[in-house]
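If you're wondering where the values come from, they're calculated on a predicted model, not measured in any experiment. All values below come from the heavy atoms of this structure, side chains included, with hydrogens, waters and symmetry mates left out.
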Protein chains: 2
Amino acid sequence: MPDAPQELDCSIAATLEIIGDRWSLLILRDAFRGVHRFSAFQEDLGIAKNLLSDRLRRLVEHDVLERVRYQDRPVRYEYRLTAKGADLSPALISLMRWGDRWYAEGGPPTVLIHDHCGTPLIQEVSCPTCDEAVSPRHIRSRKPGVDV
Amino acid sequence: MPDAPQELDCSIAATLEIIGDRWSLLILRDAFRGVHRFSAFQEDLGIAKNLLSDRLRRLVEHDVLERVRYQDRPVRYEYRLTAKGADLSPALISLMRWGDRWYAEGGPPTVLIHDHCGTPLIQEVSCPTCDEAVSPRHIRSRKPGVDV
DNA sequence: CGACTCGGTTGCGCTTTGCAACTGAGTCGC
DNA sequence: GCGACTCAGTTGCAAAGCGCAACCGAGTCG
C-alpha cells in the first residue's frame, strides 16, 4: 500500500489509499464502538498482531487515530479517533446500511438511533434547493470549472 | 478473500467481505461513471488483467454487477451495475466526501449535483421524527431486541 | 492472408498477509 | 525477590495474493 494519497483527481481513490485495505475500516468500526486498546482490537477482530500494529501506525500517521497514553506505570497507549477519523462515520454508516439491506436476514444487526428521541435514523442525499431527498438516478456529477 | 459473507453480527464486515479489497470499489466507481467494458476498466485503473477478470467475476457472482452481451459477432460482454450495485452509491459518495474534505486542495475534484436544478447535493443522517439533520455526536447504535 | 481488437488466461517473481514464538516493562501474589 | 501474569508490541517464516508480461481465441478489416 502506498504511504500517502497521491495527486489523484478522485477523492474516492485518495480515501481508499488510506483506509482501503482489508482491516482498516474494521479497526475504525471498532473504534467507533468504543474499542481502543491494542489487545481489545486484536481479540475482537482476530487480526494478526503485526498487521494490527502496522495498521494502527498507519492510521496514526494519517491522523485518523491518535495514540493516547492512558497509564503511566507501565506506560501504555490506546488509540482514539481524531476529528478526521470520526468524520468517516458517514462512510461506515453507508457500508453498514448496504450490508443491512442485502445481507441481513430478519432485520439489521444494528440500528442507529437519535439520542434525543430514540427514532431510527436514515441516511440520504438531499438537495438544499428543492428541500427533498434525491435518489441515485437524479444525481449527476460535475468537475468544478468544467461545464457539462 | 472469503467467497461470501459469513454469518456476521456486523453488516460492515459483511459488506467488506464483498467489496473490501483494493480494487472492487474503484471498479464500481468507474461503473457509476459510465465505464462498462473490460478494456476500459483496465486502461482507466491500470489494474492487472487477471485481477480485473477475477474481481469482475466476483462482483457478478455477488450480483453487484451483471455481465451483459453487447455485441454478437464476435460475442462480447460488458459489466453493468445491478440494483444492488447501484445501491452502493451512498457508500461511494461518503468516501468521496471524506477525501474531498481532508485531501482535496482548492475544492473537491468532483461535485454531485441535482439533475433537476443543478444544486450541489449534500449527504446527511437525518431523523424522521425531529425532521432535522443529526450530527455524529447525537447518533447512538442499538442492537434490535437489546434494550440500552 | 496477415494485422488488429477485445476479452480474457497462464506462468512467474515479488510483496503482503497470517501464524507462532519471543521480548520487554511493569504488576501481583506469596 | 521470584515466578506467573498483563499488555503492547517485534521478529521469522510459510502461504496467499498481487503485478507484470506473454500468450490465446474468436472474429473483423484491408
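For A:Glu78 and D:dT6, the CD to C1' distance is 16 Å, given to the nearest whole Å. A straight line from CG of B:Leu56 to P of C:dC6 spans 16 Å, rounded to a whole angstrom. Rounding to whole angstrom units, CZ of residue B:Arg57 and C1' of C:dT10 are separated by 13 Å. If you measure from atom CG of B:Leu26 to atom C1' of D:dC18, you get 15 Å, rounded to the nearest angstrom. Taking atom CG on A:Leu51 and atom C1' on D:dG9, their separation rounds to 13 Å, with Å as the unit. The separation between B:Arg69 atom CZ and C:dG7 atom C1' is 14 Å, rounded to whole Å. If you measure from atom CG of B:Asp54 to atom P of C:dG8, you get 12 Å, rounded to the nearest angstrom. Summarising the geometry, the separation between CD on A:Gln71 and P on C:dT27 is reported as 8 Å, rounded to the nearest angstrom.
Checking the phosphate oxygens (OP1, OP2) of C:dG18, no side-chain nitrogen or oxygen of A:Arg55 falls inside 4.0 Å. At C:dC6, none of the side-chain N or O atoms of B:Ser39 fall inside 4.0 Å of OP1 or OP2 (strictly under the cut-off). Dashed line: the shortest gap from a side-chain N or O of B:Arg67 to OP1 or OP2 of C:dG8 is under 4.0 Å. An OP1 or OP2 oxygen of C:dT17 is reached within less than 4.0 angstrom by no side-chain nitrogen or oxygen of A:Trp23.
Comment: B:Asp21 engages B:Arg55 in a salt bridge, judged by a side-chain N to carboxylate O separation of less than 4.0 angstrom. A salt bridge is absent between B:Arg80 and B:Glu66: the closest approach of a Lys/Arg side-chain nitrogen to an acidic carboxylate oxygen does not fall below 4.0 angstrom.
Residue B:Arg76 is classed as a base contact, given a heavy-atom separation below 4.0 Å to a base. Residue contacts shown for B:Tyr79 are limited to sugar-phosphate atoms, with no base heavy atom under 4.0 Å away. Residue contacts shown for B:Tyr70 are limited to sugar-phosphate atoms, with no base heavy atom under 4.0 Å away.
Nearest heavy atom pair, residue B:Thr82 against residue B:Leu65, reads CG2-C, 3.7 Å.
Taking the side chain of A:Ala48 as heavy atoms from C-beta on, and the options C:dC19, D:dG27, C:dT10, the nearest nucleotide is C:dC19. In this structure, of C:dG11, C:dT17, D:dG9, it is C:dG11 that holds the atom nearest to the side chain of B:Asn50. Closest to the side chain of B:Lys49, out of D:dT10, C:dT27, C:dG8, is C:dG8.
Cation-pi check for A:Arg76 over A:Tyr70 is not met; the charged atom does not lie both under 6.0 angstrom from the ring centroid and within 45 degrees of its normal.
Place A:Pro74 and A:Ser53 on DNA chain D by their nearest nucleotides, and A:Pro74 ends up nearer the 5' end. With DNA chain C read from its 5' end, the first of the two nearest nucleotides for A:Asp72 and B:Ala40 is the one closest to B:Ala40.
Distance check: A:Thr129 OG1 to B:Ile113 CD1 gives 11.5 Å after rounding to the nearest 0.5 Å.
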